[in-house]
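In what follows, chains carry the letters A, B, and so on, assigned in the order in which the sequence lines appear, proteins first and then strands, with residues in each chain numbered from 1.
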Amino acid sequence: MDKKPYDPSEIEQTLYQEWETSGLFEPGESSESYSLAIPPPNVTGTLHMGHGFQNAIMDCLIRYHRMSGKNTLWQVGTDHAGIATEMVVERRLNAEGKSKESIGRAAFEKEVWDWKKYSGNKITSQLRRLGSSLDWSSERFTLDDEYQYAVQSAFIQLFEDGLIYQGKRLVNWDPVLETSLSDLEVVNKDVVIKIWEIKYLLDSTDEFVTIATTRPETLFGDMALAVNPDDERFLHLVGKSAVIPLCDRVIPIVADNYVDPEFGTGVVKITPGHDFNDYELGKRHGLHINDDNQCCTGSEKEFDPISILSKEVKIIGVAPEKFHGMDRFDARTELLKDLDAQGFLLKESEYESTLPYGDRSDQILEPLLTDQWYVDAKTLAKPAIEAVKSKEITFVPANWEKTYFQWMDNIQDWCVSRQLWWGHRIPIWYDADGQAYAGHSEEDVMEKNNLAGPLIQEEDVLDTWFSSSLWTFATLGWPEKTSKLELFHPTTALVTGFDIIFFWVARMIMMTKYFMKEVPFKEVYITGLIKDENGQKMSKSKGNILDPIDLIDGVSLEALLEKRTEGMMQPQLKEKIIKQTKKQFPDGIESYGTDALRYTYYSLASPGRDINFDIGRIKGYRNFCNKIWNAFRFIEMQAATHSYQPAEHKADALSDWMSQKIFQSSLNCKTHIETYRFDLAAAEIYELVWSNFCDWNIELSKVAIQKSTDPSVTADLIGNLFKNFENILKLLHPFMPFITEELFAKMNALKGFDGRQFLVEAGFANLTTSKDNGVDELINIISELRVIRSENANIKDETLHLVLSGNLAPSMVKLIQEFEEIVCGIAKLDAIEFSTEDYEESIEKAMTNYKIIIPLAGLIDPEEELERLRKELGNVEKDIKIISSKLENEQFVAKAPEAVVQKEKGKITTAENKKLMLEKSIAKLQS
RNA sequence: AGACCCGUAGCUCAGUUUUGGUUAGAGCGCCGCAUUGACAUUGCGGAGGUCGAUGGUUCGAGUCCAUUCGGGUCUACCA
């Protein structure tokens with residue numbers, strides 16, 4: 001037999017193929033279902049640690065329930081990821097000297113589909129590498145025809161129900177991607193910017209007022225100045241007019257509570273077309289340009305903001321000709337120069353503020369007045385809030401509900417139109433009068449509305465999150481009433497990160513409640529975010545990303561460096577990243593295999609918000625895999641050596657003990673899985689396999705088999721190992737699918753089982769428990785003997801004689817006699833004797849109600865032993881003091897629960913017993 | 001401005017809610033010992049923390065309350 005360690009690369013990919021082709025992951029018809037929908041990854045993306053983590057968790061859940069006999073569906077699919085994908089393809093086109101405009105919409109869409117075809121199965125093959133037992137037979141893509149139909153249907157219904165409307169409003173405009181963004185896609189960054197004070201002359205006078213602004217270039221679009229109505233300094237100005245410098249446009253001065261007298265100069269310029277607050281103020285005062293081309297106040301209905309920036313954020317409109325066509329920031333520089341030259345610029349100072357950036361483009365966004373489509377989120381939010389309040393949906397951990405409510409209670413209407421080409425084109429057609437109609441196609445709209453045509457389709461596409469908000473039911477065939485919807489919706493649970501609670505979770509709840517009249521899932525397990533070992537977020541620019549596949553297969557330093565530095569947005573960081581990577585991984589990364597990686601994820605899956613991925617831990621779990629592998633090899637070897645034949649085998653105290661440990665662990669695991677405590681489940685099984693099965697069951701069996709002279713006893717011993725190991729494999733399978741499946745097959749082969757059986761089909765064993773049978777105490781004795789040896793260097797390798805003296809239960813005596821040969825073998829004893837005899841020279845250890853005596857005439861140093869005993873006595877006396885002080889406290893005895901008091905009393909009895917035994921031993925040595 | 005999370009052994013983390021109750025646990029690392037017989041990706045033994053700080057409630061606090069220090073996240077933001 002070869003001695004090389006477990007090599008996962010030899011089995012993992014083959015096994016996955018077998019699973020997949022055997023249709024093991026496909027759902028059945030039983031109504032007792034358990035279903036999960038995968039958070040659809042970006043179709044052209046690649047797997048990162050967060051995916052790895054969450055998919056490991058989902059796979060454990062789905063495998064666990066599948067093995068428990070549930071009809072499971074783990075819905076798989078990918079997302080078209082509108083902006084992200086469009087950006088990538090555009091960049092590729094640019095590299096070829098082309099642009100999307102130059103090739104046109106149809107050709108561009110084809111380019112993206114080609115790109116999807118080229119890179120689209122990378123992520124799905126990576127999911128397979130993780131062992132994820134997804135139902136590939138029902139894989140969906142958010143731009144599949146059926147899915148598109150579902151998205152259109154949803155839009156049309158919302159439109160017809162009046163919950164989607166079109167409006168000219170200020171939106172967050174990304175000037176690079178030239179599209180609108182929803183509030184959530186805005187990243188507010190703290191920056192130090194400048195603030196300028198500029199004077200505006202009062203109309204027809206030489207007087208002036210000073211305003212403060214951080215965006216001087218927007219003054220071209222000013223429609224008013226505003227002061228606080230309670231600000232005595234400026235009250236006299238209200239109702240008068242001011243002149244915009246360099247523009248000579250006259251604007252009214254209004255009073256509004258929005259203005260903070262303490263801030264800036266107390267006078268604010270109002271540019272409703274380029275600032276969200278100004279927009280609201282402008283609306284309140286009905287700012288508009290009247291028929292005489294004068295800017296004036298009016299009713300809210302008359303409000304008509306002016307815009308001085310184009311979609312490329314270049315100056316246009318009522319701004320002076322000279323600035324037309326200038327970029328917004330160039331115009332600012334130029335304008336400040338002019339203002340200064342003409343004496344309008346009074347002051348420039350630094351100011352800490354926040355600026356809105358696009359989460360994809362990382363550019364400063366511009367509030368821009370455009371036509372967009374909005375979803376009435378306030379209406380949809382109500383049932384969605386109720387669903388969580390009524391516990392129809394529960395969050396795990398529960399505190400995320402707070403976050404959810406906080407956002408939902410203040411929800412703003414959702415801008416769902418995007419000025420992109422890759423995505424779901426909004427199913428709206430306009431007639432010649434510009435009237436909008438919703439429908440699946442031009443013909444559909446014409447027929448439904450009795451229109452002659454031709455009609456013009458809306459150019460915009462939908463926010464990607466609109467389509468993914470329908471994910472749990474659109475993947476199951478909605479709007480058709482399919483049997484799958486019936487069986488698997490609502491899904492049982494959703495596993496995702498807190499970073500997309502708003503983007504996705506909340507919106508899914510809103511949409512599903514609306515269309516399905518039920519929740520999308522019953523539980524939301526919010527996982528932590530995987531950070532690096534220093535608690536830093538993993539990011540390309542930090543150069544600390546880890547690829548789960550690299551941890552599985554291993555990677556050379558060269559390849560790792562290449563991966564971490566290619567296509568960097570900030571090349572100046574390259575050197576630092578190379579240095580840091582070389583330091584952390586001087587030899588690259590070893591191969592650990594999927595099972596070890598998965599187990600690492602589970603062990604880290606505690607309820608916290610951040611999960612620091614310590615690379616050191618994965619090594620421990622690879623060793624764990626190796627341990628399991630070798631446990632099997634031991635069993636295999638015994639079976640071969642003793643020509644083992646499978647049959648009914650008689651259990652013994654040891655195998656009962658092991659079965660009981662497995663039973664207890666499986667109960668604990670069940671609870672841990674149900675409460676999403678994969679860390680505790682992982683620790684539980686680790687302990688079971690390593691500390692119970694390998695360290696004791698195998699070790700004790702090893703000696704037992706060696707000593708056995710009766711072939712039927714030997715067969716029983718091996719048979720019991722088979723049984724317990726198989727049950728361990730079953731328990732472990734949802735966590736470590738590969739190695740367990742492989743070993744299960746090998747076990748079957750050893751048993752002469754003909755054909756293939758998978759662990760999933762085998763299900764969990766029906767275990768029952770038995771009472772504590774004393775094996776734990778037996779183990780205590782052996783451990784104590786080890787301590788004695790390690791404390792006394794001169795008897796390290798001696799064969800010793802063990803005497804047990806005191807009140808041992810008859811059942812315990814019987815067990816020890818039954819195991820005498822085995823204990824002697826494992827602890828290197830010649831015999832175990834029960835006696836009350838005193839020994840002149842011996843080492844003695846006080847156990848709970850008996851003592852261990854090792855007679856050692858001539859082998860111990862009495863002084864040393866005396867000292868050791870005195871130290872132990874000291875400890876026991878200290879314990880007694882602590883416990884008795886408790887018991888002497890009347891308050892304690894009176895107020896503490898009876899059980900606690902009894903426990904303390906029991907403890908003191910034990911301690912006093914020990915004390916007595918120790919005192920006797922000491923007295924004997926002293927005599 | 002509001003909300004939330006974290007601070008426990010050298011390191012990475014459990015334990016803190018439902019249920020306050022032994023002398024606070026694990027893995028890694030460290031120290032000592034062991035070597036070819038499942039496994040050195042091993043075995044055996046050991047050292048190491050008073051639970052960020054302060055105060056309070058209680059017979060009893062890592063656990064509950066208050067205050068405070070340090071680190072972090074999200075939401076909303078005044079030109």
Separation of the [atom1] atoms in [N] and [M], to the nearest angstrom:
{"N": "C11(B)", "M": "U19(B)", "atom1": "P", "value": "35 Å"}
{"N": "U23(B)", "M": "G60(B)", "atom1": "P", "value": "14 Å"}
{"N": "G52(B)", "M": "A14(B)", "atom1": "P", "value": "13 Å"}
{"N": "C31(B)", "M": "A47(B)", "atom1": "P", "value": "16 Å"}
{"N": "C51(B)", "M": "U8(B)", "atom1": "P", "value": "11 Å"}
{"N": "C28(B)", "M": "C44(B)", "atom1": "P", "value": "12 Å"}
{"N": "G7(B)", "M": "C65(B)", "atom1": "P", "value": "15 Å"}
{"N": "U75(B)", "M": "U63(B)", "atom1": "P", "value": "32 Å"}

Original post:
Are Tyr601(A) and Phe678(A) close enough, and set up right, to give a ring-ring contact (aromatic ring centres under 6.0 Å, His included), and what steps lead you there?
Top reply: CA-CA 9 Å; Tyr601(A) 285 137; Phe678(A) 298 93; over 10 Å; no
Subject >> RNA chain B: 5'-proximal contact among Thr265(A) and Trp407(A) (nearest heavy atom) >> reply: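 The answer here is Trp407(A).
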Original post:
For RNA chain B, whose closest nucleotide is more 5', that of Glu687(A) or that of Thr213(A)?
Top reply: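 Residue closer to the 5' terminus by nearest nucleotide: Glu687(A).
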From [options], nucleotide with atom closest to [X] side chain:
{"X": "Ala896(A)", "options": "G21(B), G43(B), C77(B)", "value": "G21(B)"}
{"X": "Lys903(A)", "options": "U22(B), U42(B), C39(B)", "value": "U22(B)"}
{"X": "Pro897(A)", "options": "U75(B), U23(B), G21(B)", "value": "G21(B)"}
{"X": "Gln638(A)", "options": "U41(B), A38(B), U58(B)", "value": "A38(B)"}
{"X": "Trp690(A)", "options": "U42(B), G45(B), A38(B)", "value": "U42(B)"}
{"X": "Lys907(A)", "options": "A76(B), U42(B), U22(B)", "value": "U22(B)"}
{"X": "Val787(A)", "options": "A38(B), C59(B), G45(B)", "value": "G45(B)"}

Does [N] have a Watson-Crick or wobble mate here (both distances under 3.5 Å), and if so which one?
{"N": "G2(B)", "value": "C74(B)"}
{"N": "U50(B)", "value": "none"}
{"N": "C64(B)", "value": "G56(B)"}
{"N": "G25(B)", "value": "C13(B)"}

Do [X] and [Y] have side-chain atoms, one donor and one acceptor, less than 3.5 Å apart?
{"X": "Asn172(A)", "Y": "Asp183(A)", "value": "yes"}
{"X": "Lys907(A)", "Y": "Thr909(A)", "value": "no"}
{"X": "Tyr676(A)", "Y": "Glu523(A)", "value": "yes"}
{"X": "Asp679(A)", "Y": "Ser603(A)", "value": "no"}

**OP:** Give the intermediate values and the outcome of ring-ring contact (aromatic ring centres under 6.0 Å, His included) for residues Phe613(A) and Phe53(A).
**Re:** CA-CA 10 Å; Phe613(A) 191 88; Phe53(A) 180 49; 9.1 Å; no
Classify the nucleic acid contact of [X] as base, sugar-phosphate or nothing, counting any heavy atom under 4.0 Å across all strands shown.
{"X": "Cys694(A)", "answer": "base"}
{"X": "Lys702(A)", "answer": "base"}
{"X": "Thr271(A)", "answer": "nothing"}
{"X": "Ala683(A)", "answer": "nothing"}
{"X": "Asp260(A)", "answer": "base"}

For [X] and [N], give me the distance from atom [atom1] to atom [atom2], rounded to whole Å.
{"X": "Ile826(A)", "N": "A38(B)", "atom1": "CD1", "atom2": "C1'", "answer": "14 Å"}
{"X": "Tyr686(A)", "N": "U41(B)", "atom1": "OH", "atom2": "P", "answer": "14 Å"}
{"X": "Ile739(A)", "N": "U41(B)", "atom1": "CD1", "atom2": "C1'", "answer": "12 Å"}
{"X": "Arg786(A)", "N": "A34(B)", "atom1": "CZ", "atom2": "C1'", "answer": "12 Å"}
{"X": "Leu750(A)", "N": "A38(B)", "atom1": "CG", "atom2": "C1'", "answer": "14 Å"}
{"X": "Phe503(A)", "N": "C74(B)", "atom1": "CZ", "atom2": "C1'", "answer": "12 Å"}
{"X": "Trp696(A)", "N": "C39(B)", "atom1": "CH2", "atom2": "P", "answer": "19 Å"}
{"X": "Leu688(A)", "N": "A26(B)", "atom1": "CG", "atom2": "P", "answer": "17 Å"}

Subject >> Protein-to-nucleotide contact annotation, 5' to 3' order, nucleotides 4-20 of chain B [B base; S sugar-phosphate only; - none; under 4.0 Å, heavy atom] >> reply: BS------BSSS-----
Subject >> Any Lys627(A) side-chain nitrogen or oxygen under 4.0 Å from OP1 or OP2 of U42(B) >> reply: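 Result: no.
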**OP:** Ignoring backbone atoms, establish whether Asn630(A) has a side-chain N or O less than 4.0 Å from OP1 or OP2 of U42(B).
**Re:**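 Answer is no, no contact under 4.0 Å.
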Subject >> Any N/O donor-acceptor pair, Ser790(A) side-chain to C33(B) base, under 3.5 Å >> reply: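 There is none.
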Original post:
Is there a donor and acceptor pair, one atom on the side chain of Glu699(A) and one on the base of A38(B), closer than 3.5 Å?
Top reply: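 Check passes, donor-acceptor contact within cut-off.
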According to side chain to side chain contact (heavy atoms under 4.5 Å, CB included), who are the partners of [X], at least two apart in sequence or on a separate chain?
{"X": "Ser691(A)", "value": "Glu687(A), Asp695(A)"}
{"X": "Asp610(A)", "value": "Lys531(A), Asn612(A)"}
{"X": "Pro245(A)", "value": "Ile198(A), Tyr200(A), Leu339(A), Phe344(A)"}
{"X": "Ser783(A)", "value": "Trp696(A), Ile779(A)"}

**OP:** For Lys391(A), enumerate each residue passing the salt bridge (charged side-chain N to carboxylate O under 4.0 Å, His left out) test, keeping only those at least two apart in sequence or located in another chain.
**Re:**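 Only Glu401(A) meet the salt bridge (charged side-chain N to carboxylate O under 4.0 Å, His left out) criterion with Lys391(A).
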